Amino acid sequence: MDEGKYLILTSGVNLNLESTLLSGQAHRWKIKDYWYEGVIAQNLIHIRDSDLGIEFYSAPVSEGEFADRLSDYLGLGDNLDLIYQSISKDVQISSAIKKYTGMRILRQDPWECLIAFICSANSSLIRISSAMETLSENFGQRITLKNKARYTFPSAHVLAEAGEARLRQLKLGFRAKYVSKVAEIVSEGKIDLMELKHLPYDEAKEKLLNLPGVGDKIADCVLLFSLDKPNAFPIDRWVKRALEDWYSIKLFNYSKIREWALEYFGEFAGYAQQYLFHQRRLQQL
DNA sequence: TCCTCTCCTTGCTT
DNA sequence: AAAGCAAGGAGAG
């Protein structure tokens, strides 16, 4: 290590980098020789655990200037002890918390998060990553760090100009139409994604549901992973199975299941969802 | 209004 | 190797 080049972001903070970055919340993180390599807000980041805490490199913005933004992205402002205490309602969730302790809910860029989860429809984590990487390589800006290159995630304007046909060529499948239309809507300013952070859950969700290709589940993902709504509770195949097998939930009405989850797990139900999802998916049942 | 069924792209898995 | 499956949504009935 070149001394002084990296920054110890945290020391003694409960952060599980692997579970946080590779649990299906964000889709552009790659691990190489214990370093996680990803792109956050037009910046290339290399980050890893060390004995002293979390260390990282960033470019083009310097480590010192990017530290606060990175802390925010990683959700380090969340009080995990308080959240664990709030959602630990039973053995299932408690064991998941124990197993993956330090997994945090990310605070991603809403635009990138929205497109990622539109691409997640009837897809797989590998394929979502592939789509996000393809979009970046074709329409993003090249950035480098320590002799390695990646590409920024493209703006709504650029994706709108690309058009549906081009996106289909890049193998987005039936999602190409949704990505294209949403890019148009956002670039024309018909919805302000950042503004949704300041609205209550119900109002923000209603606006997201108006977008083509966005239903209950994808809207909840965007609300939870990028719009500061810890009470969003995305219900996908894995979570549905977990709720059926571990909680004997039989009803398939999305809104009613979410109401149950909010009642049962409380205001941080979204965190409970992430632990149930991660546990269930890695368990491969 | 609300539920259920089918279709939609592609690629990895079994 | 054909079929199943993957962080779903839209439209029809």
Side-chain angles (χ1 to χ4, degrees), chain A residues 18-29 96 100 103-108 110 112-135 137-138 162-183 185 191 205-227 229-230 232-246 249-259 261 269-285:
Chain A
E18 180 182 13
S19 296
T20 300
L21 298 179
L22 304 180
S23 58
Q25 301 182 56
H27 305 88
R28 296 198 60 201
W29 288 99
Y100 305 110
M103 176 167 67
R104 290 169 181 270
I105 298 293
L106 294 172
R107 291 179 171 210
Q108 303 178 60
E112 178 176 339
C113 189
L114 174 60
I115 297 305
F117 281 97
I118 286 176
C119 290
S120 79
N122 197 25
S123 192
S124 65
L125 288 183
I126 298 174
R127 198 166 168 216
I128 302 167
S129 298
S130 167
M132 295 300 281
E133 214 52 30
T134 300
L135 290 176
E137 286 167 4
N138 279 274
E164 179 187 341
R166 184 77 198 287
L167 298 181
R168 269 188 182 271
Q169 285 178 355
L170 298 178
K171 316 243 179 231
L172 291 200
F174 63 88
R175 308 158 197 87
K177 180 172 58 183
Y178 301 143
V179 170
S180 179
K181 284 189 177 177
V182 168
I185 293 169
I191 183 172
K205 183 164 185 178
E206 190 180 344
K207 299 209 173 195
L208 287 174
L209 289 177
N210 283 329
L211 299 173
V214 178
D216 274 315
K217 191 270 172 181
I218 291 176
D220 275 337
C221 284
V222 177
L223 290 164
L224 179 61
F225 301 135
S226 73
L227 293 172
K229 303 289 183 281
F233 191 84
I235 305 161
D236 75 312
R237 311 173 191 230
W238 301 100
V239 172
K240 185 185 259 184
R241 281 174 214 163
L243 294 178
E244 285 170 5
D245 295 350
W246 299 340
I249 301 290
K250 295 302 177 190
L251 59 162
F252 286 151
N253 181 296
Y254 191 99
S255 298
K256 286 183 179 173
I257 298 179
R258 193 230 159 210
E259 278 177 31
Y271 255 95
Q273 181 276 351
Q274 192 59 25
Y275 280 87
L276 292 177
F277 169 80
H278 197 50
Q279 160 109 321
R280 189 69 184 192
R281 197 180 72 81
L282 294 186
Q283 189 174 307
Q284 294 290 330
L285 281 180

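Atom set for the values below is all heavy atoms of this structure, side chains included, hydrogens, waters and symmetry mates excluded. In what follows, chains are A, B, ... by sequence order, proteins preceding strands, each numbered from 1. Not measured: the values here are computed from a predicted model.
Contacts of Q273(A) with the nucleic acid, taken as non-hydrogen atoms under 4.0 Å apart, include base atoms. In this structure, F252(A) reaches neither bases nor backbone, as no heavy-atom distance under 4.0 Å exists between it and the strands shown. Using a 4.0 Å heavy-atom cutoff across all strands shown, L211(A) reaches sugar-phosphate atoms only and no base atom. Using a 4.0 Å heavy-atom cutoff across all strands shown, R175(A) reaches at least one base atom of the nucleic acid. Base engagement by S23(A) is indicated by at least one non-hydrogen atom pair under 4.0 Å involving a base atom.
Counting to the nearest Å, the C1' atom of dA6(C) and the NE2 atom of H27(A) are 12 Å from each other. Counting to the nearest Å, the C1' atom of dA7(C) and the CG atom of L243(A) are 14 Å from each other. For the pair K240(A) NZ and dG9(C) P, the interatomic distance rounds to 11 Å; values are reported in whole Å. At whole-Å resolution of the value, CH2 in W238(A) and P in dC5(C) are 11 Å apart. As rounded to whole Å, 13 Å separates atom P of dG11(C) from atom CZ of F174(A). Atom pair I126(A):CD1 and dC5(C):P shows a separation of 17 Å (rounding to whole Å applied). For the pair I235(A) CD1 and dG9(C) C1', the computed distance is 15 Å after rounding to whole Å.
Distance noted for atom C1' between dA1(C) and dG11(B): 15 Å (whole Å). Across dA12(C) and dT9(B), the matching P atoms stand 16 Å from one another, rounded to whole Å. Look at the C1' atom in both dC8(B) and dA6(C): the space between them is 14 Å, to the nearest Å. Of the P atoms belonging to dT4(B) and dA7(C), the separation is 24 Å, rounded to the nearest Å. Comparing the same atom, P, in dC2(B) and in dG8(C) gives a spacing of 24 Å after rounding to whole Å.
Residues of residues 213-227 of chain A having a heavy atom closer than 4.0 Å to DNA chain B: none are found.
Judged purely by atom type and a 3.5 angstrom limit, T134(A) has no side-chain atom pairing as donor or acceptor with the backbone of L170(A). Side chain of S120(A) to main chain of F117(A): a donor-acceptor pair is present (N/O by atom type, distance under 3.5 Å, no hydrogens or angles). For the pair Q273(A) (side chain) and P234(A) (backbone), a donor-acceptor distance under 3.5 Å is present. Side chain of Y100(A) to backbone of Y275(A): no donor-acceptor contact under 3.5 angstrom is found.
Between F174(A) and Y178(A), the angle of the ring planes goes over 60°, which puts this pair in the perpendicular group of the 30/60° scheme.
Within the 4.0 Å cut-off from OP1 or OP2 of dG8(C), at least one side-chain nitrogen or oxygen of R237(A) is found.
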Annotated structure of DNA chain C as dot-bracket, pair cut-off 3.5 Å, Watson-Crick or G-U only, | for inter-strand, is .|||||.||||||
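In the 5' to 3' direction, nucleotides of DNA chain B lying under 4.0 Å from heavy atoms of chain A begin and end at dC3(B) to dG11(B).
By the criterion of a centre-to-centre distance under 5.5 Å and near-parallel planes under 30°, the ring of F277(A) forms a stack with the base of dA7(C).
Judged by the 6.0 Å and 45° rule, R280(A) forms a cation-pi pair with W246(A). For the pair K240(A) and F252(A), the distance from NZ or CZ to the six-membered ring centre is under 6.0 Å and the angle to the ring normal is within 45 degrees.
Remark: S180(A) pairs with E164(A), L167(A), E184(A) by the side chain to side chain contact (heavy atoms under 4.5 Å, CB included) rule, at least two apart or across chains. For A26(A), the side chain to side chain contact (heavy atoms under 4.5 Å, CB included) partners at least two apart in sequence or on another chain are W29(A), Y73(A), L106(A), Q108(A). Under the side chain to side chain contact (heavy atoms under 4.5 Å, CB included) criterion, E18(A) pairs with N16(A), L22(A), Y36(A), not counting sequence neighbours.
Crowding of E206(A) atom CD: a count of heavy atoms from other residues, nucleotides or ligands under 6.0 Å not exceeding 12.
Both P212(A) and N122(A) lie near DNA chain C, and the one whose nearest nucleotide falls closer to the 5' end is N122(A).
Between E133(A) and R28(A) there is a salt bridge, with a side-chain nitrogen of the basic residue lying less than 4.0 Å from a carboxylate oxygen of the acidic one. Looking at K229(A) and D220(A), no side-chain N of the basic residue comes within less than 4.0 Å of a carboxylate O on the acidic one, giving no salt bridge.
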